[in-house]
Amino acid sequence: MQFQNDLISWFAAEKRDLPWRRTADPYQIWVSEIMLQQTRVDTVIPYYKRFVEKFPTVNDLAEADEEVLLKQWEGLGYYSRVRNLQAGVKEVAEKYNGVVPASRKEISLLKGVGPYTAGAILSIAYGIPEHAVDGNVMRVLSRILLIEEDIAKPKTRKVFEDAVTEIISHEDPSSFNQGLMELGALICTPTSPKCLLCPVRDHCAAFHEGKQHELPIKTKAKKTKALQYAMLAIQKGDKVLMEKRPPTGLLANMWQFPMVELAGEALAAEIEEELSENFSGSVSGAEKIISFKHVFSHLTWNVDGFIAQGENLKVPEGMKWVTAEELESLPISGPVQKMKTALQQRGDV
DNA sequence: TACTCGTGGAG
DNA sequence: TCTCCAAGAGT
């Protein structure tokens with residue numbers, strides 16, 4: 001098919017030199033695909049290099065400590081990805097003797113491997129003609145094939161999977177799938193697609209109809225909620241109190257300065273009162289040092305950051321006193337990093 | 001199905 | 001400043 005040839009030839013000539021394109025190792029390709037979920041290429045590159053250097057094989061990752069993994073992942077977001085990745089890798093180590101399975105049925109059973117990632121690993125690492133439909137592919141094919149279904153709806157993905165299954169190259173499924181994604185990243189972009197540079201323009205129904213700017217059809221997301229917190233750097237000598245978040249939910253198992261949810265803006269006097277209730281000990285000298293907003297994908301934190309001194313505190317389960325050096329080894333999220341930076345600039349940590 | 005789950009860059 | 005988003009998966 002001429003479409004396949006035009007796409008694959010363009011990919012061969014124009015593809016970016018990315019680190020995960022320099023390996024044929026299914027495990028390392030797996031790592032890259034997990035990191036790339038909802039995350040930009042430029043962001044992933046340094047994380048990917050560090051990760052495969054530190055965990056070059058399935059066994060290296062299977063044996064790693066979760067806290068070390070989270071520290072490696074720190075700043076990438078969607079932290080359950082690395083927990084699920086390790087769970088999947090452990091299963092490959094134990095059940096498949098360290099070899100990533102090469103069938104959609106088996107690979108899809110691995111934790112964290114969904115329909116896209118399964119197809120990506122199968123096609124890129126094993127050369128198997130399986131669909132790998134991500135946001136790029138839906139955007140590109142919605143234009144080429146003039147598909148006007150809402151790509152925000154989950155059921156729509158199957159339409160594109162079926163389309164790819166029909167048109168995928170069996171000679172080079174890796175270049176075909178990657179070519180569609182690369183085209184979406186470089187040419188067939190969300191706004192102002194570069195149609196005059198497009199290698200498959202002649203095959204594009206939307207370009208033919210002048211509708212490339214109207215596709216894809218995508219309904220808008222609803223707006224997010226906001227929550228108010230006080231974040232507390234409680235000091236005792238040269239140590240500060242840190243708290244581990246619960247094992248599920250937002251920022252699971254990440255560390256933070258103890259936080260309390262509030263109804264409105266936090267005042268120092270109220271914080272001291274709140275703390276004495278929560279800690280059964282003496283907390284004094286509360287002082288607000290920073291106020292900031294942190295926007296997550298589905299909610300916003302409005303945070304007032306305080307320093308305070310703790311005396312004779314009974315440390316609750318899941319909290320511990322850490323030195324400045326120990327603090328550096330704990331995985332923390334963006335908002336906690338903002339507080340930590342403020343403390344360091346004051347010389348308090 | 002709809003919601004949860006992070007971050008930083010682009011327009 | 002605001003919106004949308006970028007190689008999605010789990011529940």
Side-chain angles (χ1 to χ4, degrees), chain A residues 11 15-16 18-21 29-48 70 73-85 87-88 107-125 131-140 150-158 160-161 164 174 176-186 188-193 216 218-225 227 245-254 256 293-301 331-338:
Chain A
F11 179 68
K15 66 181 177 186
R16 291 167 291 177
L18 303 173
W20 44 90
R21 288 180 176 162
I29 291 170
W30 182 3
V31 170
S32 76
E33 290 300 340
I34 300 301
M35 286 189 172
L36 285 163
Q37 289 170 5
Q38 302 292 288
T39 311
R40 287 184 154 70
V41 165
D42 289 341
T43 302
V44 167
I45 289 173
Y47 283 89
Y48 173 81
L70 284 172
W73 211 267
E74 181 183 287
L76 254 190
Y78 288 144
Y79 298 98
S80 288
R81 287 185 294 177
V82 73
R83 226 181 339 268
N84 291 337
L85 173 60
I107 204 172
S108 296
L109 290 174
L110 300 173
K111 195 72 68 75
V113 178
Y116 163 76
T117 303
I121 297 172
L122 292 173
S123 61
I124 297 171
H131 59 74
V133 174
D134 70 337
N136 282 312
V137 173
M138 288 198 283
R139 180 175 62 259
V140 169
D150 183 358
I151 68 169
K153 295 193 177 304
K155 60 182 293 188
T156 302
R157 197 190 66 238
K158 180 172 173 31
F160 292 92
E161 289 174 347
V164 171
S174 171
F176 183 89
N177 279 342
Q178 290 190 75
L180 280 181
M181 292 187 277
E182 195 79 340
L183 194 63
L186 301 181
C188 197
T189 48
T191 58
S192 60
K218 187 176 184 181
T219 54
K220 307 201 188 305
K222 66 174 191 179
K223 51 186 170 187
T224 62
K225 291 176 284 192
L227 297 173
R245 291 180 63 86
T248 58
L250 182 66
L251 304 173
N253 283 349
M254 301 287 279
Q256 65 185 13
K293 177 169 71 173
H294 188 87
V295 179
F296 295 95
S297 48
H298 60 299
L299 57 89
T300 297
W301 283 3
I332 60 176
S333 62
V336 181
Q337 180 64 52
K338 288 175 185 173

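Chain letters run A, B, ... following the sequence lines, proteins first and then strands; every chain starts at 1.
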Undergrad: Give V295(A) one of three labels, base, sugar-phosphate or nothing, depending on what nucleic acid heavy atoms sit under 4.0 Å from its own.
TA: base
Undergrad: Check this for me: does the side-chain of S333(A) come within 3.5 Å of the base of dG6(B) through a donor and an acceptor?
TA: no
Undergrad: Assess, by modelled atom type and distance only, whether the side chains of Q37(A) and Y116(A) contain a donor and an acceptor separated by less than 3.5 Å.
TA: no
Undergrad: With rounding to the nearest 0.5 Å, note down the distance linking CZ in R157(A) to NE2 in H131(A).
TA: 8.0 Å
Undergrad: Starting at CD of Q38(A) and ending at P of dG10(C), how long is that distance when rounded to a whole Å?
TA: 13 Å
Undergrad: Heavy atoms under 4.0 Å, any strand shown: does L18(A) hit a base, just sugar-phosphate, or nothing?
TA: base
Undergrad: What nucleotide among dG6(B), dA6(C), dA9(C) has an atom nearest to a side-chain atom of S297(A)?
TA: dG6(B)
Undergrad: Between K153(A) and T219(A) (side chain of the first, backbone of the second, donor and acceptor by atom type, cut-off under 3.5 Å), is there such a pair?
TA: no
Undergrad: Taking the nucleotide of DNA chain C with the nearest heavy atom to each, does L110(A) or L36(A) sit closer to the 5' end?
TA: L36(A)
Undergrad: Rounded to the nearest Å, what distance is computed from the NZ atom of residue K222(A) to the C1' atom of nucleotide dC4(C)?
TA: 17 Å
Undergrad: Taking the nucleotide of DNA chain B with the nearest heavy atom to each, does K153(A) or S80(A) sit closer to the 5' end?
TA: K153(A)
Undergrad: With a cut-off of less than 4.0 Å, is there a side-chain N or O of H298(A) near OP1 or OP2 of dA2(B)?
TA: no
Undergrad: Say you pick atom C1' in dC5(B) and the same atom in dA6(C); how far apart are they, in whole Å?
TA: 15 Å
Undergrad: Under 4.0 Å between any heavy atoms, over every strand shown, what does G249(A) touch: base, sugar-phosphate, or nothing? Just pick one.
TA: sugar-phosphate
Undergrad: Report yes if the distance between the aromatic ring centroids of H298(A) and F296(A) is under 6.0 Å, otherwise no.
TA: no
Undergrad: What integer distance in Å separates I151(A):CD1 from dG8(C):P?
TA: 11 Å
Undergrad: With a 4.0 Å cut-off on heavy atoms, is W73(A) in touch with a base, just the backbone sugar-phosphate, or nothing at all?
TA: nothing
Undergrad: What is the distance from NZ of K220(A) to C1' of dC2(C), rounded to the nearest Å?
TA: 13 Å
Undergrad: Side chain of F296(A), heavy atoms from C-beta onward: which of dG6(B), dA6(C), dA2(B) has the nearest atom to it?
TA: dG6(B)
Undergrad: Measure from CG on L250(A) to C1' on dG10(C) and round the result to the nearest Å.
TA: 15 Å
Undergrad: dT11(C) and dG6(B): how far apart are their P atoms, nearest whole angstrom?
TA: 14 Å
Undergrad: Roughly, in whole Å, what's the span from NZ in K293(A) to P in dT7(B)?
TA: 15 Å
Undergrad: Taking only N and O in the side chain of Y78(A), is any of them less than 4.0 Å away from OP1 or OP2 of dT4(B)?
TA: no
Undergrad: Give a yes or no answer on whether the side chain of E74(A) reaches the backbone of I332(A) with a donor-acceptor pair at less than 3.5 Å.
TA: yes
Undergrad: For the side chain of Q37(A), counting heavy atoms from C-beta on, which of dG6(B), dC5(C), dA9(C) is nearest?
TA: dA9(C)
Undergrad: Should the heavy atoms of other residues, nucleotides or ligands under 6.0 Å from NZ of K111(A) be counted, would the total exceed 12?
TA: no
Undergrad: Shorter than 3.5 Å, N or O on both sides, protein versus nucleotides 9-11 of chain B: list them out with atom names.
TA:
none

Undergrad: Mapping Y79(A) and K155(A) to their closest nucleotides on DNA chain B, which lands nearer the 5' end?
TA: K155(A)
Undergrad: Measure the distance from CG on N84(A) to P on dT4(B) and round it to the nearest whole Å.
TA: 18 Å
Undergrad: To the nearest 0.5 Å, how far apart are CG in L183(A) and OG1 in T189(A)?
TA: 9.5 Å
Undergrad: Report the residues that fulfil side chain to side chain contact (heavy atoms under 4.5 Å, CB included) with R21(A), sequence neighbours left out, ordered by chain and then residue number.
TA: F11(A), K15(A), R16(A), L18(A), Q178(A), E182(A)
Undergrad: Please name all residues satisfying salt bridge (charged side-chain N to carboxylate O under 4.0 Å, His left out) with R81(A), sequence neighbours left out, ordered by chain then number.
TA: none
Undergrad: With heavy atoms under 4.0 Å as the rule, sort L251(A) into base, sugar-phosphate or nothing.
TA: sugar-phosphate
Undergrad: Give the rounded distance in Å between these two atoms: OH of Y116(A) and C1' of dA9(C).
TA: 13 Å
Undergrad: At 4.0 Å (heavy atoms only), tell me whether K111(A) reaches a base, stays on the sugar-phosphate, or touches nothing.
TA: sugar-phosphate
Undergrad: Have a look at R16(A) and say if it touches a base, only the backbone sugar-phosphate, or nothing, with a 4.0 Å heavy-atom cut-off.
TA: base
Undergrad: Are K223(A) and dC2(C) close enough that a side-chain N or O sits under 4.0 Å from OP1 or OP2?
TA: no
Undergrad: Categorize S32(A) for me: base, sugar-phosphate, or nothing, with a 4.0 angstrom heavy-atom threshold over every strand shown.
TA: nothing
